[in-house]
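The first residue of the sequence shown is numbered 1, and numbering continues consecutively from there.
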Amino acid sequence: MFQLADKTLSSRLLLGTAQYPSLNIMQQSIQASKAEVITVSLRRQSSHLDDSANFWNAIKNMGCHLLPNTAGCRTAKEAITTAHMARDLFNTHWIKLEVIGDDYTLQPHPFELAEASAALIKDGFEVFPYCTEDLILCQRLVDSGCRILMPWGSPIGSGKGLLNPYALSLLRNRLPNITLIVDAGIGKPSHAAAAMELGFDAVLLNTAVSLANHPIVMAGAFRDGVAAGRAAYEAGIMPERNMAAASTSLIDTLFWHQEKTDT
């Protein structure tokens, strides 16, 4: 079981709801993934997913915990306003806080993010900040009251996986009591498994499933990848070595079994 803020979950995979070919495929993909938390945006709505009313009805009927996000916000003020709207609309104090600072990389703005996090925590929100793997920024967010951090693996939608596993591993070691969720850049199930093998608590992704040739099948693959990575971490992964080590012990003296004979 997985404790995420005030919820107890059985899945460590969180899934987005954007860019699916249809509402039906989105629903089946979420079901195949076994995800119990899905993200939704107030500011971005895919026009090809039927009409808005059908989309929101489909989301509500999934029976998942909703994690509204502030995607598209550029300033702390804008993100704070959006977060309050989300709380009123979805009746949840959870918010995935996104404050974008660069249009090319969609990298979060560290100063605006820290300002918005501190303000929203004072307003009673459980803040899930989308951040980079920078240790100083993450520590600042924790000091402001964040119990959950969502560092990227690589830029949003890039599918490049974990570009800086050293920094991610360092976060896990330095922040042992913080829930860490890799968010953004995951492109294939092996990326998700690698994040879980580092000891991260969960993975959040969207594009890798929604834009796959077969989203439902890919959702199941990510479900299995996350589970395998977590199981490997809990089992204890062997340390890397700089030289070979025989897996079968060798002996210097041969021995044999001599049958007893009647004399």
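- When all heavy atoms are compared, the tightest approach of I186 to F222 is CG2-CE2, 3.5 Å.
- Here the shortest heavy-atom pairing between P110 and L137 reads O-CD1, 3.8 Å.
- Remark: D183 engages K96 in a salt bridge, criterion side-chain N to carboxylate O under 4.0 Å.
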Side chain to side chain contact (heavy atoms under 4.5 Å, CB included) for D103 and R74? Distances and angles first, verdict last. CA-CA 10 Å; D103 290 332; R74 306 284 173 171; 2.5 Å; yes
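- Between P68 and T92, the closest side-chain pair of non-hydrogen atoms falls below 4.5 Å.
- The side-chain contact (heavy atoms from CB on, under 4.5 Å) test with Y130 is passed by exactly one of I100, T70, N69, L97: I100.
- Atom CG in L9 sits 14.5 Å away from atom NZ in K34 (nearest 0.5 Å).
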Side chain to side chain contact (heavy atoms under 4.5 Å, CB included) between L171 and L149, worked out: CA-CA 10 Å; L171 283 183; L149 298 178; 5.7 Å; no
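- Note that CD of E234 and CE of M196 are 8.0 Å apart. Values are rounded to the nearest 0.5 Å.
- Side-chain contact between R230 and F2 is absent, with no heavy-atom pair separated by less than 4.5 Å.
- More than 12 heavy atoms of other residues, nucleotides or ligands lie within 6.0 Å of CG in D102, so this atom counts as buried by the packing criterion.
- Residue I178 is not grouped with residue Y233 when hydrophobic side chains (ILVMFWY) are merged at heavy-atom distances under 4.5 angstrom, including chains of intermediate members.
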Side chain to side chain contact (heavy atoms under 4.5 Å, CB included) for S29 and S210? Distances and angles first, verdict last. CA-CA 8 Å; S29 297; S210 65; over 6 Å; no
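- Residues L163 and V182 do not share a hydrophobic cluster, defined by chaining ILVMFWY side chains whose heavy atoms lie under 4.5 Å apart.
- With a 4.5 Å cut-off on side-chain heavy atoms, I237 and E197 count as touching.
- To the nearest 0.5 angstrom, C73 atom SG is 11.5 Å from L113 atom CG.
- Nearest heavy-atom pair across T105 and P155 is O-CB, 3.6 Å.
- Of the N and O atoms on the side chains of Q107 and T132, not one donor lies less than 3.5 Å from an acceptor on the other residue.
- A chain of hydrophobic side-chain contacts below 4.5 Å, direct or via other Ile, Leu, Val, Met, Phe, Trp or Tyr residues, connects M85 to V99.
- Under the 4.5 Å side-chain heavy-atom criterion for Ile, Leu, Val, Met, Phe, Trp and Tyr, F55 and I30 are members of the same hydrophobic cluster.
- At a threshold of 4.5 Å between side-chain heavy atoms, the hydrophobic network of Ile, Leu, Val, Met, Phe, Trp and Tyr places L4 and L13 in two separate groups.
- Minimum heavy-atom separation, A114 to R140: CB-CG, 4.2 Å.
- With T39 contributing its side chain and L67 its backbone, the two residues share no donor-acceptor pair below 3.5 Å.
- With values rounded to the nearest 0.5 angstrom, N173 atom CG is found 9.5 Å from L198 atom CG.
- In this structure, the side chains of I148 and W94 stay at 4.5 Å or more apart for every pair of heavy atoms.
- With rounding to the nearest 0.5 Å, the separation of CZ in R12 from CG in L14 is 11.0 Å.
- With values rounded to the nearest 0.5 angstrom, L180 atom CG is found 8.5 Å from C131 atom SG.
- The closest donor-acceptor contact from the side chain of R172 to the backbone of L175 lies under 3.5 Å.
- Minimum heavy-atom separation, R147 to A5: NH2-CA, 3.9 Å.
- Using a 30° and 60° split on the angle between ring planes, H84 and F125 fall in the perpendicular class, above 60°.
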Step by step, would you call M150 with L204 a side chain to side chain contact (heavy atoms under 4.5 Å, CB included)? CA-CA 8 Å; M150 305 184 80; L204 188 153; 3.4 Å; yes
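- Contact annotation: the side chain of F128 never approaches that of T179 to less than 4.5 Å [non-hydrogen atoms, C-beta and beyond].
- Closest non-hydrogen pair, C146 versus P129, comes out as SG-CG, 3.9 Å.
- Looking only at side-chain heavy atoms (C-beta outward), Q31 and M62 come within less than 4.5 Å of each other.
- Between M218 and S33 there is no side-chain heavy-atom pair separated by less than 4.5 Å.
- A donor-acceptor pair is defined here as one N or O able to donate and one able to accept, closer than 3.5 Å; no such pair exists between the side chain of D201 and the backbone of I181.
- At a threshold of 4.5 Å between non-hydrogen side-chain atoms, the residues Q139 and V142 count as touching.
- Judged by distance alone, the side chain of Q19 and the main-chain N or O of L211 form no donor-acceptor pair under 3.5 Å.
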